[in-house]
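Structure first, commentary second.
Per chain, numbering begins at 1; letters A, B, ... match sequence-line order.
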Amino acid sequence: MLTIDPAQLPTHFQSKEAEEKWCRIWDDWQIYHYDATRPREETFVVDTPPPTVSGSLHIGHVFSYTQTDIIVRYQRMRGRNIFYPMGWDDNGLPTERRVQNYFHVRCDLRTPYEPGLQLDAASSKDLKETPPRNVSRQNFIELCLQLTREDEKAFTALWKRLGLSVDWRQEYSTIDDHCRRLAQYSFIDLYKKGHVYSVEAPTMWDVDFQTAVAQAEVEDRELPGMLHNVRFGIEGSDQHFTIATTRPELLPACVGVTAHPNDERYKSLFGKKAITPLFFAPVPIFPSELADPEKGTGILMVCTFGDANDVVWWRQNQLPLRQTLGRNGRFDQVTYGQDGWESLKPAAANAAYQQLVGKTVKTAQKLVVEMLRDASGAATGNEPPLAAEPRPIQHAVKFFEKGDRPLEFISTKQWFVRLLDKKNSLIDAGERIAWHPDFMRVRYRNWTENLQQDWCISRQRFFGVPFPLWYPLDGDGKPDFSQHLLANIEDLPVDPASAAPRGYKENQRGVPNGFVAESDVFDTWFTSSLTPQICSQWQVDEDMHSRLFPTDLRPQSHEIIRTWAFYTVVKSLLHENNIPWLQATISGWILDPDRKKMSKSKGNVMTPMHLLDEYGSDGVRYWAASARLGVDTAFDEQVLKVGKRLVTKLLNAGKFVLSQTGTPAPISSELDIAFMHKLREFVARVTQLNENFEYATGLKEINGFFWNNFTDSLIELVKGRAKDETLDARQRGSAITALRRGLSVFLRLFAPVVPYITEEVWSWAFAEETGIKSIHRAPWPGDADFTDIPGDATSDVFDLAVNCWAAINKYKAQGGVTSGRPIEKLSLAANSATAEKARTAMADVMAAARARSYTIAKQDTMAEGEFEVLEATFADAQ
RNA sequence: GGGCGAUUAGCUCAGCUGGUUAGAGCGCCUGCCUUACAAGCAGGAGGUCCACGGUUCGAGUCCGUGAUCGCCCACCA
């Protein structure tokens with residue numbers, strides 16, 4: 001047996017040094033490596049979320065990734081072969097912007113690729129005084145990799161220090177060749193299966209980023225607006241009616257007017273034509289169930305396009321497209337009087353419209369309102385079309401979640417994945433996944449049930465994964481968008497901007513009867529929804545894929561159930577007719593102490609570094625482990641303190657137990673036996689909690705049991721016996737074994753949460769004794785730790801001993817006597833059954849209480865298990 | 001307007017299928033340098049479980065209604 005000399009050990013755990021040391025050793029020992037030779041049943045696969053590589057990690061990342069790591073470490077100790085990869089999401093707008101600024105470049109599809117291009121960070125002088133350098137998309141991607149690699153190093157260092165037990169050989173980034181290849185393969189596969197289509201259609205459009213956005217990227221913002229009542233004329237009459245609108249600037253794009261079919265006020269108008277003010281366009285008045293008589297004036301104008309309802313009306317009534325708003329959010333040149341732009345007074349209409357050309361929505365609105373104040377714009381009669389002063393209202397407006405101006409519906413050519421016909425199978429797939437906590441499945445289901453649009457996967461950005469696609473040009477050099485020249489799978493990843501489709505030469509690019517590249521890139525979710533396929537080497541190594549897919553666990557946060565989780569289910573269903581993971585664990589958010597979500601815009605985010613320095617990784621992990629899955633938790637530094645104290649306690653308990661020099665013997669004392677049975681039962685309960693992902697409850701219980709029953713009770717009660725050289729070797733040896741066995745069990749119970757201190761203490765003796773050099777490869781405690789424990793599993797002698805000792809402590813405390821003061825004579829009382837049961841442990845209790853002699857009066861009126869001190873004669877303190 | 005979650009001690013949170021007197025940690029109060037640990041030990045105070053109804057022998061727990069907070073969705077004239 002190995003014993004340690006406590007004098008050789010520091011009084012406090014030097015967490016920073018220990019973290020550095022163990023990180024290095026764990027790497028050397030390769031204890032987190034996945035073993036590809038072991039069978040699927042023994043494997044536990046994690047579909048790790050790839051964090052966005054821009055800026056720095058914050059405390060919320062630490063929180064959720066630690067929770068996953070605790071689950072993983074538990075599974076590893078249960079003997080599972082862990083596949084735990086790490087990815088980096090460096091695909092998308094944040095990276096694009098950073099690369100542009102950092103290197104002072106712009107991605108330009110016409111610029112030829114420069115092999116081996118290396119650029120340095122731009123100086124601030126360059127940024128101000130010189131125009132950005134144009135680089136090809138290939139080069140842009142290389143620069144992106146170059147820049148993000150630096151960040152990834154910093155992220156990796158933090159993850160390692162935090163103790164994430166990731167297999168760092170399984171690393172990927174969403175812009176690397178492998179991911180781009182798979183994303184493009186995914187598109188081709190979906191294309192061949194008929195799940196994607198392209199169409200020219202009104203799409204939600206961000207006028208600043210100048211790209212289409214998907215439903216999932218849209219958020220509502222409550223904004224003040226103005227409600228305008230505007231008089232419209234009626235064709236062939238001098239009557240008018242008044243519509244209400246918040247978007248008068250879209251008046252030139254008005255193509256119809258509608259009201260509810262049962263609305264008596266307007267029934268007579270249906271079938272007639274309305275005349276718009278200012279532009280004098282005759283437009284049909286039709287009934288629609290979608291019109292709400294309670295809102296505004298009950299009758300409204302239909303424009304191309306003010307909102308999603310306009311799109312519906314436009315389609316249903318086959319109205320003309322009057323696209324006044326350009327892709328840049330400014331009014332385009334149009335001419336009234338031409339086909340599709342009918343006007344009773346084209347000259348007046350054009351004069352009015354001319355004022356709007358090139359203006360933004362905001363400016364145009366002011367101008368239109370001014371024009372509406374003038375009676376000359378009236379469609380009929382001679383009152384100003386503006387029927388009343390605009391009224392301020394609050395209303396929700398759709399925004400791109402990263403955008404600054406409201407979304408517009410603009411008709412553009414986009415690619416979609418057809419989803420609306422697959423709602424039922426998508427809902428069904430969600431039901432086959434075990435969600436933790438379970439109510440998160442409802443969020444998935446609600447989103448899927450309420451899906452309104454197919455998935456728009458094309459983005460009009462330069463940087464991202466390009467569509468592996470070209471279009472042929474006709475004899476006039478015009479692209480035929482109905483013909484799709486797909487890349488060959490062997491050629492992936494491909495950049496159609498720099499490579500030619502098979503059967504064509506590069507010099508046919510852009511010339512008649514040649515080809516033109518699709519310039520769009522994929523929505524970033526199109527790539528990240530493939531993480532299970534990316535990690536499992538789908539389409540690269542089918543044997544590996546079959547061993548790793550579906551994954552066992554998908555950890556993520558709840559706000560991206562509708563995006564990442566949903567789209568991942570979509571991909572797995574459409575590609576492999578399977579669910580992507582068996583279980584999903586949804587972590588909550590970290591809220592600031594005022595219970596507000598931490599976010600960059602609020603400026604209340606916390607970075608983890610100083611916390612790691614102050615409380616150690618173990619302390620920070622303890623805090624993260626204290627929160628249950630799915631529960632938003634207010635940040636509380638107190639819990640970090642508790643974690644740090646646990647680390648110290650483990651250090652000291654380890655020191656004490658492992659420095660006892662007595663020779664271990666089989667556990668034979670009744671107190672020790674009873675403790676071991678209690679511990680065995682406890683381990684079974686905690687194991688069950690961990691199986692259900694209830695690690696937080698488990699930790700709380702482990703902590704309580706360790707503190708109350710082990711350090712404050714067992715150690716104190718057997719301490720005297722363990723040190724007493726005059727005792728029978730069996731009794732003393734039993735104490736030594738109980739202490740060491742208990743310590744070993746607790747170290748392993750704590751190991752998933754506090755990997756550093758447990759490894760440290762484990763290394764002092766148990767590593768060599770067991771031949772298991774890292775605790776993180778040691779078996780999770782279980783019946784095997786107790787097979788040699790004899791005796792009665794139902795004995796409560798341990799609890800009785802604790803009660804008795806507590807009664808003595810209480811007596812001392814109430815008498816104002818220090819608990820360490822020796823007692824010469826102690827007179828106790830208990831009922832006879834209790835006294836008899838506790839008999840075998842009384843020597844230990846008296847040693848702990850420092851009582852030299854005792855008597856116990858049988859009082860059968862007392863409750864079972866209780867002790868009372870009748871009298872104590874204190875010895876003179878020495 | 002619909003859905004999901006939350007509301008328990010000063011603070012952060014547990015309380016599973018209803019069952020003695022509602023728990024933990026932190027904080028607070030009182031003792032104590034006691035031979036692993038003062039980053040500790042012993043003892044203690046502190047709660048109309050959001051409100052009102054209901055079911056039940058019994059409700060923090062189940063059912064209604066309402067309030068407050070958070071998130072998701074819908075509405076956007």
- Flag the pair A:T448 / A:F566 as yes when at least one side-chain heavy-atom distance between them is below 4.5 Å, and no otherwise. yes

- Please examine the side chains of A:L743 and A:V761, heavy atoms only from C-beta on, and report whether any two atoms are closer than 4.5 Å. yes

- Query: Which part of the nucleic acid does A:K295 contact within heavy-atom distance under 4.0 Å: base, sugar-phosphate only, or nothing?
  - Reply: base

- Expressed in whole Å, how much space separates the C1' atoms belonging to B:G25 and B:U20? 25 Å

- A:W805-A:F867 aromatic ring centre distance below 6.0 Å: no

- Would you say the base of B:C37 and the side-chain of A:K649 have a donor-acceptor pair closer than 3.5 Å? yes

- Length of the line joining A:W707:CH2 and B:A36:P, which is rounded to integer Å: 16 Å

- Item | Strand-adjacent residues in residues 711-719 of chain A, judged by heavy atoms under 4.0 Å from RNA chain B | A:T711, A:D712, A:I715, A:E716, A:K719

Collect all protein-nucleotide pairs involving nucleotides 29-31 of chain B in which both atoms are nitrogen or oxygen and the distance is under 3.5 Å.
none

- Answer yes when A:R732 and A:D724 have at least one side-chain N-carboxylate O distance shorter than 4.0 Å, and no when they do not. no

- Item | Partners meeting side-chain contact (heavy atoms from CB on, under 4.5 Å) with A:P406 (sequence neighbours left out) | A:V397, A:F399

- Query: What pairs with A:A379 under side-chain contact (heavy atoms from CB on, under 4.5 Å), at least two apart in sequence or on another chain?
  - Reply: A:I275

- By nearest-heavy-atom nucleotide on RNA chain B, the more 5' of A:Q814 and A:T245 is A:Q814

- Under 4.0 Å protein heavy-atom contacts per nucleotide of nucleotides 10-23 of chain B, with B for base, S for backbone only and - for none: --SSSS-------B

- Query: Thinking salt bridges, do A:K362 and A:E249 make one under a 4.0 Å N-O criterion?
  - Reply: no

- Item | Interatomic distance at P, B:C11 relative to B:C28, whole Å | 15 Å

- Query: For A:N450 and B:G2, is the shortest distance between a side-chain N/O and OP1 or OP2 below 4.0 Å?
  - Reply: no

- Task: Describe the nucleic acid contact of A:N703 in one word from base, sugar-phosphate, nothing, applying a heavy-atom distance below 4.0 Å.
- Result: nothing

- Quick one: the dot-bracket string of RNA chain B, using Watson-Crick and G-U wobble pairs with both distances under 3.5 Å, [ ] for crossing pairs and | for bases paired to another strand. (((((((..((((.....[...)))).(((((.......))))).....(((((..]....))))))))))))....

- Query: Expressed as a whole number of Å, how far does the C1' atom of B:C49 sit from that of B:A6?
  - Reply: 14 Å

- Task: Check the angle between the aromatic planes of A:W314 and A:F305 and answer parallel, tilted or perpendicular using the 30° and 60° thresholds.
- Result: perpendicular

- Task: With P as the reference atom in both, quote the distance from B:C52 to B:G44 in angstrom, rounded to an integer.
- Result: 33 Å

- Note on the structure: Assert: residue with more 5' nearest nucleotide on RNA chain B, out of A:G298 and A:Q452, is A:Q452

